[in-house]
Visitor: 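The structure follows.
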Amino acid sequence: MAEGPMMKPVTNPVLVDAMATFKVDLTNRDHEKAFLQAAIEARYLVPAIIERPATPPQEGEQVQTRVAFQMMTNQKGDKFLPAFTDEIELRKNRKPGERFQVMVMGFMDIYRFMKANEPIGGMVINPFGSNLCLVRPQIMILGDHNGDLDVLSSAPAPRPAVPMGGNVPSAEDARAAQQAAIRQAMADLEKAKAAEAESPAEPAITDELLGALKAQLKKIKGVKKAYIEETSESNERFLLVALDADENVDIAEIGNTISTECSDYTELPFECIPASNIRAKNMVANGKPFYEKKRFGIF
């Protein structure tokens, strides 16, 4: 298990291909086996909050680090651990204000975490893309047998509960129940995502964002006024910031600064341009500046 900057980007092309193939027909055993094998061998990007002691430890001192993983919850309240195959999929997960770090975890790392946390129902790979679920019984039995796929056809763990006095289900019935659980888990997560997408979108330009922008602009000499609007080009939404500033002010550098310092307040990227730019004509003519430097340096 690793966290922090990575020397080599995490990519899982074999797993991504296996997922796409398996999703075409979830009853195909060969495709299922290829998917599970790739899932076992993959490395995942897993969002987490890592809490360390406030004061640096003394040399040789052992300290305890707390890790809280991000969870997804379906409409039934079942919790799933999101795991991402690459940076592109991970970026789809980002929301304003979230400060998750990223841990690199293998399948056995995830198994050990889930074994210690009973309420978690499974993991979902690429939840905002072509997602697939591994339900808890699958993960437990594969982890208990160190990733041996052969145990899935004979082990009793994934079988459904049997009513008192009922017959023990066959291996085929157990596998059918397991597949049904996977499909149901995926359907529940899709419903939860759809419900979130249909909810009213939060405004991109909030008071908190404007406050953060003003705080940065106050530090920069030569900026007289600033305007902002949400716009889009080539189906890409972003925040256009127009600055009325002295000639010696580096507009591009200001754009880099606010992109770094204010990214927690919006999920949209920033673009800074001079207020004299033709793209800012309507904004400056018809809008009101959100920031204006007052006389005598009073803001």
Visitor: Output yes when a side-chain donor or acceptor of Asn131 lies under 3.5 Å from a complementary backbone atom of Phe128, and no otherwise.
Guide: no

Visitor: Using atom types as modelled and distance alone, determine if a side-chain donor or acceptor of Thr11 lies under 3.5 Å from a backbone N or O of Pro13.
Guide: no

Visitor: Nearest 0.5 Å, please: how far is CD1 in Ile125 from CE in Met19?
Guide: 5.0 Å

Visitor: Measuring from Leu268:CG to Ser259:OG, what's the distance to the nearest 0.5 Å?
Guide: 11.5 Å

Visitor: According to a 4.5 Å side-chain heavy-atom criterion applied to Ile, Leu, Val, Met, Phe, Trp and Tyr, with indirect links allowed, do Met140 and Phe35 form part of one hydrophobic cluster?
Guide: yes

Visitor: So do Val124 and Leu134 actually touch side chain to side chain, heavy atoms under 4.5 Å?
Guide: no

Visitor: Are the side chains of Phe84 and Val46 in contact, using a 4.5 Å heavy-atom criterion?
Guide: no

Visitor: Grouping I, L, V, M, F, W and Y whenever their side-chain heavy atoms are under 4.5 Å apart, do Ile220 and Ile228 come out in a common cluster?
Guide: yes

Visitor: Search all heavy atoms of Cys272 against all heavy atoms of Leu243 and return the closest pair with its distance.
Guide: SG-CD1, 4.4 Å

Visitor: Shortest non-hydrogen contact from Ala242 to Ala275?
Guide: CB-CA, 4.1 Å

Visitor: Could you give me the CA-CA distance, side-chain angles and deciding distance for Leu213 and Tyr291, then say whether side chain to side chain contact (heavy atoms under 4.5 Å, CB included) is met?
Guide: CA-CA 8 Å; Leu213 288 169; Tyr291 168 82; over 6 Å; no

Visitor: For Phe69 together with Phe113, are the ring centres under 6.0 Å from each other?
Guide: yes

Visitor: Which value, rounded to the nearest 0.5 Å, describes the distance between Ile40 atom CD1 and Gln37 atom CD?
Guide: 5.5 Å

Visitor: Which pair of heavy atoms, one from Gln138 and one from Cys133, lies closest together, and at what distance?
Guide: OE1-O, 4.3 Å

Visitor: Would Phe107 and Met105 show up in the same hydrophobic cluster when neighbours are defined by side-chain heavy atoms closer than 4.5 Å?
Guide: yes

Visitor: Can you measure from CG (Leu209) to CG (Leu239) and round to the nearest 0.5 angstrom?
Guide: 6.5 Å

Visitor: Going from CD on Glu229 to CZ on Phe290, what distance comes out if it is rounded to the nearest 0.5 angstrom?
Guide: 12.0 Å

Visitor: Less than 4.5 Å apart, any side-chain heavy atom of Glu118 and any of Arg136?
Guide: yes

Visitor: Testing the basics here: between Met108 and Gly143, what is the closest heavy-atom pair and its distance to 0.1 Å?
Guide: CE-O, 3.5 Å

Visitor: Closest heavy-atom contact between Gly121 and Met114?
Guide: C-CE, 4.3 Å

Visitor: Within the distance-only criterion (no hydrogens, no angle test), does the side chain of Asn28 pair as donor or acceptor with the backbone N or O of His31 below 3.5 angstrom?
Guide: yes

Visitor: Where the side chain of Asp148 meets the backbone of Asp150, is there a donor-acceptor pair that is under 3.5 Å apart?
Guide: yes

Visitor: Side chain to side chain contact (heavy atoms under 4.5 Å, CB included), that's the test. Do Lys221 and Asp246 meet it? Break it down for me.
Guide: CA-CA 9 Å; Lys221 294 182 179 180; Asp246 295 340; over 6 Å; no

Visitor: With heavy-atom distances below 4.5 Å as the criterion, would you say the side chains of Leu132 and Phe22 are in contact?
Guide: yes

Visitor: In terms of hydrophobic clusters joined by side-chain contacts under 4.5 Å, are Ile254 and Leu210 together?
Guide: yes

Visitor: For Glu32, is there an ion pair with Arg29 - N to carboxylate O distance below 4.0 angstrom?
Guide: no

Visitor: Show your reasoning for whether side chain to side chain donor-acceptor pair (under 3.5 Å) applies to Thr85 and Asn126.
Guide: CA-CA 7 Å; Thr85 57; Asn126 293 347; 3.0 Å; yes

Visitor: Is there a donor-acceptor contact under 3.5 Å from the side chain of Asp86 to the main chain of Glu89?
Guide: yes

Visitor: If I compare all heavy atoms of Ala83 with all of Pro127, which pair ends up nearest, and what's the gap?
Guide: O-CD, 4.2 Å

Visitor: Looking at NZ of Lys281 and CG of Asn286, how far apart are the two atoms once the value is rounded to the nearest 0.5 Å?
Guide: 10.0 Å

Visitor: Less than 4.5 Å apart, side chain to side chain, heavy atoms only: is that true for Met123 and Pro82?
Guide: no

Visitor: Just wondering, do Cys262 and Gln216 contact through their side chains at under 4.5 Å, heavy atoms?
Guide: yes

Visitor: Any sub-3.5 Å donor-acceptor pair from Asn12's side-chain atoms to Leu15's backbone N or O?
Guide: no

Visitor: Could you give me the CA-CA distance, side-chain angles and deciding distance for His145 and Leu142, then say whether side chain to side chain contact (heavy atoms under 4.5 Å, CB included) is met?
Guide: CA-CA 5 Å; His145 292 81; Leu142 287 171; over 6 Å; no

Visitor: Salt-bridge test for Glu271 and Arg279: reply yes if a basic N is under 4.0 Å from a carboxylate O, no otherwise.
Guide: yes

Visitor: Verify, without hydrogens or angle tests, whether Tyr44 (side chain) and Ala39 (backbone) share a donor-acceptor contact under 3.5 angstrom.
Guide: yes

Visitor: In this structure, would Val284 and Val223 fall into the same cluster of hydrophobic residues linked by side-chain contacts under 4.5 Å?
Guide: no

Visitor: Within a strict 4.5 Å, meaning less than it, do heavy atoms of the Glu87 and Val10 side chains meet?
Guide: no

Visitor: Kindly indicate whether the side chain of Asp78, heavy atoms from C-beta on, has any atom under 4.5 Å from the side chain of Thr73.
Guide: no

Visitor: Is any side-chain N of the basic residue among Asp144 and Lys115 closer than 4.0 Å to the acidic one's carboxylate O?
Guide: yes

Visitor: Among residues at least two apart in sequence or on other chains, which ones pass salt bridge (Lys or Arg N to Asp or Glu O under 4.0 Å) with Glu230?
Guide: Arg237

